[in-house]
Amino acid sequence: LGSLGSGGVWERANSAREIMGLARRYPQAFQDRDAARLADRLQKEREPAILASLERAVHALDAGLALAFAEAEEERERERFAEAIEAERKAIDGSKVPELKAADVVRLAQRYGRAATAAVTEYLRDDAALVRERAAQALAETGGPSCRAPLRDALGREKDPDAATAMVYALGLKSDPEAVDVVAARLAEPALERPAIHALARIGTEPARVALERHRARADASTAELIARLLEEEF
């Protein structure tokens with residue numbers, strides 16, 4: 001962990017990647033104070049790639065600490081870029097072509113990252129399914145913690161299978177423990193069954209495990225085998 005304080009970006013990046021891999025594979029090898037030390041390092045680091053590795057490492061050791069950092073970071077960045085994001089949103093809202101609007105929403109998310117979370121979640125209610133789908137995909141990649149509730153609400157009402165798949169994927173990637181019911185409800189839909197299974201495995205809570213076990217009992221052989229493998233790997 002000491003090398004994370006190095007002045008060299010290359011050395012810090014390598015150390016962060018190694019620590020992330022170890023934390024995810026062997027969390028028991030770390031002491032309780034190591035998560036706090038990594039979280040403190042997160043507050044000081046500015047290189048995006050290093051931040052991403054460190055955040056995954058902290059999440060593997062202490063999900064609560066990782067969530068607290070992400071919430072604080074989202075709020076700081078949102079305030080910093082509020083004016084620019086609002087200007088871009090007005091331009092996006094003026095677009096009448098779904099394909100162009102969807103592309104602009106993705107660019108907004110990529111440009112401002114977590115700072116644009118609140119703005120991008122607004123497009124989960126867009127009239128065009130393509131825009132809703134791209135908004136969910138963007139939130140999966142760059143969204144902050146505040147996107148969880150809007151994604152759950154959006155999935156609960158979504159009728160388009162592609163948009164719903166993107167929302168399921170995003171909720172799994174965000175490991176949202178409150179999304180188990182809304183994700184499990186889509187297991188009965190053939191187009192969403194596999195994405196929902198993987199999302200529940202990513203969430204990894206006891207209710208998620210129970211939902212997977214129940215579905216496994218009534219699934220076909222190949223799906224039951226997939227669930228069994230994920231239960232062994234993720235829980």
Side-chain angles (χ1 to χ4, degrees), residues 4 12-13 16 19-20 23-24 35-93 102 104-126 131-156 163 166-180 182-183 199 202-205:
L4 290 173
R12 295 203 314 278
I19 291 168
M20 176 188 69
R24 296 175 75 176
R37 290 175 64 191
L38 287 170
D40 180 66
R41 186 65 237 170
L42 267 174
Q43 303 290 338
K44 300 171 182 176
E45 185 58 61
R46 296 271 62 92
E47 288 291 329
I50 301 175
L51 275 169
S53 295
L54 289 177
E55 192 170 346
R56 291 189 182 100
V58 173
H59 186 273
L61 300 178
D62 190 324
L65 271 179
L67 179 61
F69 168 79
E71 289 173 338
E73 186 75 2
E74 180 183 338
E75 180 61 21
R76 282 194 298 268
E77 292 297 290
R78 184 190 64 77
E79 292 178 356
R80 179 184 175 191
F81 295 110
E83 188 174 337
I85 290 171
E86 182 58 26
E88 295 211 29
R89 268 198 64 192
K90 289 179 179 178
I92 293 172
D93 290 344
D104 286 340
V105 169
V106 172
R107 276 195 290 271
L108 176 68
Q110 291 174 339
R111 183 171 299 157
Y112 296 104
R114 283 188 178 127
T117 300
V120 175
T121 58
E122 292 297 320
Y123 297 102
L124 294 172
R125 291 181 172 274
D126 197 85
V131 175
R132 300 195 300 273
E133 178 187 355
R134 295 291 189 269
Q137 291 171 345
L139 290 168
E141 299 301 323
T142 67
S146 71
C147 74
R148 289 173 164 188
L151 279 166
R152 293 195 301 268
D153 293 342
L155 179 59
M167 293 167 189
V168 166
Y169 174 75
L171 287 165
L173 202 63
K174 298 305 175 186
S175 301
D176 182 4
E178 296 183 44
V180 171
V182 73
V183 171
R202 279 181 175 273
I203 292 170
T205 60

- Hey, could you give me the CZ/CZ distance between Arg78 and Arg80, rounded to the nearest 0.5 Å? 14.0 Å
- Message: Applying side-chain contact (heavy atoms from CB on, under 4.5 Å) to Phe69 and Leu38, what does each step give before you reach the verdict?
- Response: CA-CA 11 Å; Phe69 168 79; Leu38 287 170; over 6 Å; no
- Message: What's the separation between atom CG in Leu61 and atom CZ in Arg37, rounded to the nearest 0.5 Å?
- Response: 12.0 Å
- Message: As a test of understanding, state which of Arg41, Arg24, Arg114 forms a salt bridge (charged side-chain N to carboxylate O under 4.0 Å, His left out) with Glu55.
- Response: Arg114
- When you measure from the side chain of Glu74 to the backbone N and O of Ser146, does any donor-acceptor pair fall under 3.5 Å? yes
- Task: Kindly give the heavy-atom pair with the smallest separation between Arg89 and Ala119, and that separation in Å.
- Result: CD-CB, 3.4 Å
- Taking everything shown except Gln43 itself, do over 12 heavy atoms lie less than 6.0 Å from its CD? yes
- Verdict with reasoning, Val106 to Gln137, per side-chain contact (heavy atoms from CB on, under 4.5 Å): CA-CA 8 Å; Val106 172; Gln137 291 171 345; 5.8 Å; no
- Would you call Leu124 and Leu151 a side-chain contact if the rule is heavy atoms closer than 4.5 Å? yes
- No-hydrogen, no-angle side-chain donor-acceptor test under 3.5 Å, Glu88 and Tyr112: yes
- Query: Counting distance only, does the side-chain N/O of Thr121 pair as donor-acceptor with the main-chain N or O of Cys147 below 3.5 Å?
  - Reply: no
- Note on the structure: In terms of heavy-atom contacts, Pro177 and Thr205 come closest through CB-CG2, 4.0 Å
- Quick one: do Glu178 and Arg148 make a salt bridge, cutoff under 4.0 Å? no
- Given side-chain contact (heavy atoms from CB on, under 4.5 Å), test Arg12 with Glu47 step by step and report yes or no. CA-CA 9 Å; Arg12 295 203 314 278; Glu47 288 291 329; 3.7 Å; yes
- Between Thr142 (side chain) and Leu139 (backbone), is there a donor-acceptor pair under 3.5 Å? no
- About how many Å separate CG of Leu54 and CG of Asp40, when rounded to the nearest 0.5 Å? 11.0 Å
- Message: Show, in sequence, the C-alpha distance, side-chain angles and deciding distance for Leu155 and Val168, and conclude whether the side-chain contact (heavy atoms from CB on, under 4.5 Å) test is met.
- Response: CA-CA 7 Å; Leu155 179 59; Val168 166; 3.7 Å; yes
- Show your working on salt bridge (charged side-chain N to carboxylate O under 4.0 Å, His left out) between Asp93 and Lys90 and close with a plain yes or no. CA-CA 5 Å; Asp93 290 344; Lys90 289 179 179 178; over 6 Å; no
- In this structure, are over 12 heavy atoms from other groups packed under 6.0 Å from Arg76 atom CZ? yes
